[in-house]
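Okay, so here's the structure we're looking at.
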Amino acid sequence: MSTSDNDDDLLYADGLLYAVIGIATRADGLRVVCYSVEKVIEVLMTRDGMTEEEAYEFYEFNIVGAWMGDKTPIFVENC
């Protein structure tokens, strides 16, 4: 896979490297980190000892709900 000038500026969610499934390119050419929702939930349950329900609530409020600008990572379900 080739890289682009903005790959050095990619934003990663802390502690969720295991859940990265790739880099997505938006229509405007901006590349963002892409995460598997299922893997994020797995990390939260394993690492933090959360139940599945707690992990989904934490994910929805603290992770997917966090806007960090144009380079905010994206989250894919059912991958």
Side-chain angles (χ1 to χ4, degrees):
M1 175 172 65
S2 64
T3 59
S4 71
D5 292 339
N6 77 344
D7 283 356
D8 291 337
D9 297 334
L10 292 171
L11 292 179
Y12 289 87
D14 290 339
L16 296 177
L17 190 58
Y18 168 79
V20 172
I21 57 173
I23 306 298
T25 304
R26 296 186 347 187
D28 61 2
L30 187 66
R31 294 162 54 91
V32 296
V33 179
C34 183
Y35 289 89
S36 161
V37 173
E38 288 77 14
K39 289 182 179 182
V40 169
I41 298 304
E42 183 180 326
V43 168
L44 294 173
M45 291 172 63
T46 303
R47 182 191 69 197
D48 300 336
M50 295 182 185
T51 65
E52 186 173 7
E53 182 178 340
E54 290 169 335
Y56 271 103
E57 286 179 14
F58 183 89
Y59 161 77
E60 289 175 356
F61 185 78
N62 296 291
I63 297 174
V64 79
W67 177 252
M68 297 176 286
D70 289 341
K71 294 188 178 189
T72 299
I74 61 172
F75 298 86
V76 178
E77 297 180 32
N78 300 321
C79 44

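Along the sequence shown, residues carry numbers from 1.
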- [ ] Say whether, by atom type as modelled, one donor and one acceptor occur between the side chain of Glu60 and the main chain of Gly65 under 3.5 angstrom.
- [x] no
Task: Atom pair NZ (Lys71) and CZ (Arg31), whose distance is rounded to the nearest 0.5 Å - done: 10.5 Å
Open item on the list: Looking at Gly22, is its backbone amide N or carbonyl O close enough to the side chain of Tyr35 to form a donor-acceptor pair, meaning the two atoms are under 3.5 Å apart?
Closed with: no
Task: Over all atoms of both residues, closest heavy-atom pair of Arg47 and Gly15 - done: NH1-O, 2.9 Å
Task: Inter-residue atom distance Phe58.CZ - Met45.CE, 0.5 Å rounding - done: 14.5 Å
- [ ] Go through the steps to decide whether Val33 and Ile23 satisfy the test side-chain contact (heavy atoms from CB on, under 4.5 Å), and finish with yes or no.
- [x] CA-CA 5 Å; Val33 179; Ile23 306 298; 4.2 Å; yes
Task: Passing option when Ile63 is tested against Val40, Asp14, Ile41 for side-chain contact (heavy atoms from CB on, under 4.5 Å) - done: Val40
Task: Any Tyr12 side-chain heavy atom under 4.5 Å of Leu10 side chain - done: yes
TODO: May I ask whether Leu17 and Leu44 are part of the same hydrophobic cluster, defined by side-chain heavy atoms of I, L, V, M, F, W, Y residues being less than 4.5 angstrom apart, directly or through others?
DONE: yes
Open item on the list: Once rounded to the nearest 0.5 Å, what's the spacing between atom SG of Cys34 and atom CD1 of Ile21?
Closed with: 4.0 Å
Task: Backbone N/O of Thr51 and side chain of Glu54: donor-acceptor pair under 3.5 Å - done: yes
TODO: Specify the closest pair of heavy atoms between Glu42 and Tyr18, including all atoms of both residues, with the distance to one decimal.
DONE: OE2-OH, 3.2 Å
Task: Gap between atom CD1 of Ile74 and atom CZ of Arg26 - 0.5 Å precision - done: 9.5 Å
Open item on the list: Using side-chain heavy atoms (C-beta onward) and a distance below 4.5 Å, is Ser36 in contact with Glu77?
Closed with: no
Open item on the list: Is there a side-chain contact between Thr25 and Leu30 in this structure, where contact means two heavy atoms from C-beta onward sitting under 4.5 Å apart?
Closed with: no
Open item on the list: Tyr56 vs Val37, test: side-chain contact (heavy atoms from CB on, under 4.5 Å). Steps then yes/no.
Closed with: CA-CA 9 Å; Tyr56 271 103; Val37 173; 4.3 Å; yes
- [ ] May I ask you to decide if Met50's main-chain N or O and Asp48's side chain share a donor-acceptor pair within less than 3.5 Å?
- [x] no
Open item on the list: Between Thr72 and Gly69 (side chain of the first, backbone of the second, donor and acceptor by atom type, cut-off under 3.5 Å), is there such a pair?
Closed with: yes
